[in-house]
Structure formats: C-alpha cells, structure tokens
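Numbered from 1 within each chain, the chains take letters A, B, ... in sequence-line order.
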Amino acid sequence: MSIRVRFAPSPTGVLHIGSVRTALFNWLFARHNKGKFLLRIEDTDKLRSTDENTKAIFEILKWLEIDWDDEPVIQSQNINRHKEVALDLIKQGKAYYCYCTPEELAAKKEAALKAGKSYKYDGTCRNRTDKPEGIEPVIRLKAENDGRTTVNDMVQGEVTIENSQLDDLVLVRSDGTPTYMLSVIVDDHDMGITHVIRGDDHLTNTFRQIQIYKACGWNIPEFGHIPLIYGPDGAKLSKRHGAASAQDYRTLGYLPEAISNYLLRLGWSHGDDEIISRKQAIEWFSFENVGKSPSRFDMAKLQNLNAHYIKERDNQSLLNYIIPFLNENLNEIQKKQILLGMNSLKERAKTVIDLAEGIQVYIEAPQHFDEACSKYATPNHLKWLEEVIEIINNMNPIIEKDLCEKVKELAKAQSTKLVEIAQAIRGALCGKLVSPSVFEIIEILGQDESVRRIENFIENFS
RNA sequence: GUCUCCUUCGUCUAGUGGCCUAGGACACCGCCCUCUCACGGCGGCAACACGGGUUCAAAUCCCGUAGGAGACGCCA
C-alpha cells in the first residue's frame, strides 16, 4: 500500500518553526517513499482561526518548497461527518451522552487536585438512563478501562500505557461541534492516512485516539512522534527568543534552503553530513535516523548554513531576492554594479539583510561618516587621498589590480602602510571601515563617482 | 500530583557490545593569508548525568537515582 501522510496545522497563528520541521519530515517521508503528502487545515476553532493565517501557511510552505498533493482538506467542512461518526458510536453503545456540566466537572477536578489525586472523568453518565432537562449533553467515548495499550512508534519505539489511565474523552461538545480528538481520527481515516507524523506533544494523545479508532473499527495508522524544538534556554521556543515562526526567519534574511537544511539536521542525521541538498535529503531520509531527544534552536548554526547558501546562490538570483528588502527601487546602472560587486559581497554576508546593507555602496554615496573614519582623516591621510585622486584620474580604464599596485607604490613613497591609505579610501567610499576591496569598489563605481566621494570626504574633514 | 518520554563537547550530532585515547559540524580561542571585515587554510579547548549490575569487554544491554520535557480541556 502506498504511503499517505499529512501535515495538519491549525490557522490560529503563524507557523511555528517546529511545525515547519514536522511538515518537512512528513514531506521527506512521503517523497522518499513515493507516497502522498497531504495538507489539512484544522480550523475547527472558529474563534481563533483566520483566513489570513491559512493563506500565510500556504505561502510559507510554498516558499520553503514543501509542496502538497491534492487539494488541502479544510476540516471545518467535515463537521457533519464527524458528528455522524459520534452518533453512530452511540447507536453501537460505544459512546454516550454526558449531562455533567462544566461547573460540576471543574468542582470534581478541584477536589481531586486538593486531595492530591490525579483527575479523570469518573464516568458518572456512562450508564445513565434519564435525560436531565435543560442541559445540552456532550458525547463521550466509552473508553476501555482494563488492559494496556502499546504503540510501536517510529521514533519513540514501544510505548505502553495502562488503560486505567484513560478516561472517557469528549467527542462532541454540548454545542454540537466535534472535538479535535474526534475530527483528527475521522479525517485521518477518511483521507487514508497511513502514517501520522507529528510533534512529541501528541504522544499521550495517541492512546486516547487509538480508543476511537478501535471503537470505529478502523485500521490504526503508524505513528511517529518527533521531539520538540526548544529555545536556547531549554524552554519552548517562542517569540521571547527573538523569532519563533518561519515568517520571522524569512524577515530576518534567512534563505529557505538554509532553514530546511538546518531544521533537517535538528533531530535527524546522516552520519557526519551537514550540508544536505533537497535531493539528497529525499534519498536519505528515514525514521531510523530520527533522534528521540529534543533539541535546542541554535541561531549561530542556522546563520552559518545561511552564509553557505548565500554563497551558493547565483548573483542574479540574490539580487532578485534582495530587492524586497530594500527601501528604494534600483536603476539599471545600480543593478549592473551590484551584480559586479556581488561575488565579494556575498562572501561576507550571513543573511540577506547583511547583503542588502552591503550593496548600499553601489546605491548611493555615504550620507555620513562613521565616527571611526576620523582616525583615517588626519591631514596626512587627506594629503594621500589627493594623490589617490591623481592616480584614479590618470588610469583609464581602472583595473582593480593595477590600481592596487599604484596605491601600494604611493604608500611606499609616503613611508606609510597600505592599510592607512586603503582605510581612508574605504571611509570615503563607504562611510564606514568595513567593505570588500576598495580597489574593486573603485573599479565598479568608476572614475567620476569614486573621485567625487573621495573629494567629498576630504572636504568634510578639512 | 499522576502517566509518558528524554539525557554523548556550550549547541546540533556520529556511535546499534570490541574499530572509542569517543568522530564531525557550529560557536569559542590561537596562528597563517590579508587594504578593513569576511572567506579560506592550519591548530586548540571541550562531552558519554550519577550509582549499581550483566559481560572477557559497555557511551552502547538491565535496574535504580537525579535532572529536563510533554500530556493530563466541552484548545488544536
């Protein structure tokens, strides 16, 4: 039988980076096994679900190149089907109406907690025959009390629980809407899901869900519960750590291929391999190599991977990518210059934000000079810069290497070091003391613009 | 509290009883390269949570302990 998996986010907020990894693992598992990767939007929480969030989920998955098969299933459209299943279970005596009010249950729970006991629903209405007036009942599953249930999890291995731990979970709320527990099982069954791959936090839910499968007489799928991702401090990764959603990382200038590669290595490995292409990932992915322990999100490593993938991208693609990060539109000359300077720029960038900053040198002359520049604006430096202008004016066309040689000669003649003159030039061209080779920048910028900037620098510090 | 899971360098991990004096990557430190910053190259620091077993042999198997996490909703 062909493998069918699903990714089932709820559109109650942005896509958490941990969910993205779940999606990725599902996707890789499907692609590796030539199965289907389906998408299901779990929008049954009508209060918190929004269309915007749903659209954002589609958008970010596309951006990450996690494509899904078939049309996404919208869970809220299956509500009637879910209810039918619950009603059918009642007919079969496998579920029952429960008239306990939330208040009564809350009181029981509080009492249990006070007595230091764990709370579970006591089954008051299990064998109830009367129908109290004025109370809209919920539907509860008659869960098994005896024996034990074992799951052979693809990640966690064999996990067993005593059925006495389970209680009669609610299938349909008093307002007639199905609960998550019911909906998930019915939809997974109807969609023909063969493997449920999800976060570790669902592991204990699995035992409850198995009860539903059994009551319905359906096949139980395979499960794979992947460990959660924590923040650097070991607590659940959240906004508090700076960024928790895929969209956040996109905004911070991380490339989708870097995020995928990073997430893949978080919890999964293939020997000592670190840089892994999509193609290889599909070929290699298997649950045998998924780790059991949770991992911490390490921004530094993501950044390192990002720097790698920036270097790997071709210049035109990078330019296109950067444009939305810029405040201004680029003209053709600027684009041409940026493309010429891109090789040196991308060597230095960790993020696309870095790149966007780096290309400023080809967009406009410095608006101000960093404090540190003044160190290279002494009368001597300004004098040397006059000489540099001479050199530039006498060289046509400007060749980076030749220019460098000439300035080296100048430094020697002036009994100073190249760094002194180069830094002065850098300050003049960029307004700051960090950039690619100044000679390369002059070559790209051309005679007029370079001289203009250096003259402006001299004027500014005279 | 109850149940379940987890535990190898700071971080991600390799390791499936002898190949382990525990390997790689990121981070960090040093050196080289060098017009700055990066890149790159070379080198360094650094871990099997603890305690008992089993075995000729344990990071690897078993049992405890400690620590961490998750679940315990008419949320998903």
B/rG1 pairs with, by Watson-Crick or G-U criteria that keep both distances under 3.5 Å:
B/rC72
Rounded off to whole Å, could you give me the CG-to-P distance for the A/N304 and B/rU13 pair?
16 Å
Over 12 foreign heavy atoms within 6.0 Å of NZ, A/K406
no
Output yes when a side-chain donor or acceptor of A/K346 lies under 3.5 Å from a complementary backbone atom of A/R313, and no otherwise.
yes
Does any nucleotide pair with B/rC56 by Watson-Crick or G-U wobble geometry, both distances under 3.5 Å, and what is it?
B/rG18
Taking B/rU21 as the reference, what is the distance to B/rA46 when you measure between their C1' atoms (whole Å, please)?
15 Å
Each nucleotide of nucleotides 4-11 of chain B classed B (base within 4.0 Å of a protein heavy atom), S (only sugar-phosphate) or -, in 5' to 3' order, makes SSSS---S
With the threshold set at under 4.0 Å for non-hydrogen atoms, list the residues of residues 432-442 of chain A touching RNA chain B in residue-number order.
A/L433, A/V434, A/S435, A/P436, A/S437, A/V438, A/F439
Donor on one side chain, acceptor on other, A/D200 and A/H225, under 3.5 Å
no
Rounded distance in Å - CG (A/L355) to C1' (B/rC39):
14 Å
Between B/rG70, B/rC39, B/rC74, which nucleotide gets closest to the side-chain atoms of A/D201?
B/rG70
Pairwise P distance for B/rC61 and B/rC5, with rounding to whole Å:
15 Å
How many whole angstroms separate atom NZ of A/K408 from atom P of B/rU36?
11 Å
Picking from B/rC26, B/rA25, B/rA76, the nucleotide nearest the side-chain atoms of A/A300 would be B/rC26
Side chain of A/R140 - closest among B/rA38, B/rC74, B/rC3:
B/rC74
Using both distances under 3.5 Å as the test, list the Watson-Crick or G-U wobble partner of B/rC35, or none.
none
Would you say that more than 12 heavy atoms from the other residues, nucleotides or ligands in this model lie under 6.0 Å from the CZ of A/R148, or not?
no
If you go through the side-chain atoms of A/T179, does one of them form a donor-acceptor pair with the base of B/rC74 closer than 3.5 Å?
no
A/E104 atom CD, over 12 foreign heavy atoms within 6.0 Å:
yes
Can you find a side-chain donor-acceptor pair between A/D45 and A/T12 that sits under 3.5 Å?
no
If I take atom CD in residue A/Q303 and atom C1' in nucleotide B/rA38, what distance separates them, rounded to the nearest angstrom?
12 Å
Is atom NZ of A/K55 surrounded by more than 12 heavy atoms (other residues, nucleotides or ligands) closer than 6.0 Å?
no
Any N/O donor-acceptor pair, A/E347 side-chain to B/rG40 base, under 3.5 Å
no
